[in-house]
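Structure first, commentary second.
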Amino acid sequence: METPLPDDSALARLFARERRTGVATWFSLPGGATLFEPGEDANQLYFLKTGRLGAFRREEGQEPQFLGVIRPGEPAGEMALVGGTAHSANMVALRDSEVLALPRDDFFDAAEEDPTVMLELSRLMIRRARQAQTHAAIGDPSVFGFIAVEAGAAIRPIVERLARCIESLGYSVTVEGGESLLAPTEWFSNVEREHDFVLYVAEADETAWKHVVGRQVDRLFRIGRGDRAPPASIPSYASGPLQAQRLVDLILLQSANAVRPSGSAAWVEATQAARLFHLRENGLADMQRLARVLTGQSVGLVLSGGGARAYAHIGAIQAMRERGIPIDFVGGASMGAIVAAGIAMGWDDGELEARIRKAFVDTSPLDDIAFPLIAMTRGEKVKSRLDEHFGTVDISDLWLPFFCVSSNLTSGAYQLHRTGDLQTALRASISLPGVLPPATEDGAVLVDGAVMKNFPADVMRSFQLGPIVGVDVTRGRSITAEDVYRPPSIWSWIVSGEWRKGPPIVALLMRAATVTTGRDLAAAREASDVLITPKLEGIDIRDWRAFEPAVRAGYVAASFALEGLHGPVTELRRRPSLAEKRAGLTPSARR
């Protein structure tokens, strides 16, 4: 959370002076308008007077990644200007804003006359550069809105419980409702400046206040009842920027004894929500998870593909749970997607281990060898096991936000699965080309996600600002001469039982599909706050019976990585509170 510069800061004085002399220009930037785009020359330094700006980065094939916010009293575009480079992000007005712009040459002239200007800006740039490594690139959202979708029980008590959970994390927070409808503009600025977090809540019948809330927040949540179908019409109330940048989420209230949500896909379709969170009545764990999401302390777990080596994910998960590390978002590729889906289903350690054993260990999933017109196996055993363990569950009905990836051979890019039938998404994500028949969807041919995005930690980063734990089971020994070994005879191959793994070509195809490239590994490392790489050199990618050693390797690697941290995983990207900043506390001092 970036602290706005004081009104008497060197930068504030500079812009005030240059404004009086006519060198700095003032302009109004309507909500939704773009201040600058990636690739544009950085020929001006900007200073936000009122309103709020949002920084976004969009990678090809991904949704916009929300980097953070610029608040009143903060500069924008300083790194590119001083560095002499083009802008690298989209800067968009999240609400109606007033901006001052100072030409580049005039800024440097002024900085020569008053060295404190450059000194102050340099300190700010260093602080933001450090945040780019351990935090959101600029600043974090701190003003959230909650709007009731339909009449019923009041949602303010829910938001107030959420506020108490945020307070328990060491922050100041206030909940404001319809009583603030007629408050002057200055009141909103003051309350947002005086608290770490502001939660605006609008009940179903507070139409005028809903419009205010939708224009005043960094991110908007709509709240509905998961045990009912969505209304035929759901007004958005979100400002244009929130809608355009996918900053509108959905919370569905579920009964306390619900085994699993149902019908959530209709709600997602009706609201076009960017993210969905399920909140059980009196569910403290769900409320604490939402508090972590809002404060940037939610933990995302990403699991790579790797065939039988993916058993190591189970050991890593056991190590995390033993240490009380929450898992708030989960995603993966190939076999990592299977394990991730089990977590999202709500399976505990015992059920996760039992189901993976039954599905993959007891008998090989790839021994239904077929005449290889399309693939080495028919894929019927894999299909039946997915059906047995995941049934007809929709991704929207999982307790945790989940995603998996497959590789779209038609478009030549990875395919992101965040909605739709879970079993269908998993079947696409594990369809190793040449080993399992490909999946098809809307005319596209989908194969194993490991082919194009085996370790999608960077995908997880676009969904949440909190720390990411990544488990990569593909590192270490890759393809060797042993993988092209030809058995002396078909008979000896059958007698030895090696045929259950599939012919040697299966190992070649699986390894070729799951070898992480240097570029992908670098991107995953950059996105991961904790990178766990189990030592699995002695475990063949097709050895479906190597369950115990793989699980043990995952547990050992995760334990080593987690014990080497200087604090809790949830606090790896923790933003300091206003009180901590005033006291000058550093992250290490807080711990």
Side-chain angles (χ1 to χ4, degrees), residues 63 144-159 161-162 177-178 200-211 213-214 217 219-239 242-243 246-283 285-287 289-290 293 328-330 341 344-346 387 390-404 416-426 441-442 463:
E63 294 182 353
F144 299 95
F146 300 84
I147 292 179
V149 171
E150 54 187 339
I155 65 170
R156 180 155 188 163
I158 297 171
V159 178
R161 288 201 299 274
L162 175 61
Y200 294 117
V201 55
E203 303 292 354
D205 58 351
E206 297 177 323
T207 303
W209 177 237
K210 285 181 178 179
H211 285 287
V213 170
V217 299
R219 191 152 199 148
L220 184 65
F221 293 82
R222 285 183 282 190
I223 301 180
R225 291 287 320 182
D227 54 3
R228 293 201 291 265
S233 176
I234 303 179
S236 172
Y237 297 108
S239 66
L242 294 184
Q243 296 183 63
R246 301 278 293 160
L247 297 176
V248 184
D249 299 322
L250 173 66
I251 296 173
L252 288 181
L253 304 177
Q254 306 289 348
S255 63
N257 57 358
V259 176
R260 183 171 295 115
S262 62
S264 308
W267 275 97
V268 174
E269 176 66 25
T271 60
Q272 292 297 297
R275 302 181 300 181
L276 167 63
F277 302 95
H278 295 289
L279 194 60
R280 280 163 280 205
E281 294 176 348
N282 302 318
D286 294 338
M287 192 68 77
R289 174 177 298 115
L290 194 55
V293 170
D328 302 306
F329 294 78
V330 66
M345 291 278 287
D387 184 62
F390 297 103
T392 57
V393 175
D394 192 275
I395 292 175
S396 299
D397 290 328
L398 296 171
W399 285 117
L400 293 181
F402 165 86
F403 76 86
C404 68
L416 181 61
H417 302 270
R418 293 183 63 201
T419 58
D421 180 62
L422 174 62
Q423 184 184 152
T424 300
L426 294 177
E441 181 178 296
D442 298 328
F463 302 144

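All residue numbers refer to positions in the sequence shown, counting from 1.
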Exercise: identify the closest heavy-atom pair between Ser396 and Ala265: CB-N, 3.8 Å
Distance, nearest 0.5 Å, that separates CD1 of Ile395 from SG of Cys404: 5.5 Å
From Ser239 atom OG to His211 atom NE2, the distance as rounded to the nearest 0.5 Å: 12.5 Å
Nearest-0.5 Å distance that lies between atom CG in Asp328 and atom CZ in Phe277: 9.0 Å
Mutual orientation of the aromatic rings belonging to Phe221 and Phe144 [parallel < 30°, tilted 30-60°, perpendicular > 60°]: tilted
Check: Ala274 main-chain N/O paired with Arg418 side-chain donor or acceptor under 3.5 Å: yes
Nearest atoms (heavy-atom pairs only) where Pro231 meets Glu150: CG-OE1, 3.8 Å
Point-to-point distance, once rounded to the nearest 0.5 Å, from CD1 of Ile147 to OG1 of Thr207: 10.0 Å
Pairwise side-chain contact, Leu276 with Trp267, heavy-atom cut-off 4.5 Å (strictly under): no
Side-chain touch Asp249/Arg219, heavy atoms, less than 4.5 angstrom: yes
Within 6.0 Å of CD in Glu269, more than 12 heavy atoms from elsewhere: no
Any donor-acceptor N/O pair, Arg280 side chain to Ala258 backbone, under 3.5 Å: no
N/O donor-acceptor pair under 3.5 Å between Gln243 side chain and Ala238 backbone: yes
Backbone N/O of Arg156 and side chain of Glu203: donor-acceptor pair under 3.5 Å: yes
Residue pair Leu279 / Met287, side-chain heavy-atom distance below 4.5 Å: yes
Spatial distance of atom CH2 (Trp209) from atom OH (Tyr237) [nearest 0.5 Å]: 14.5 Å
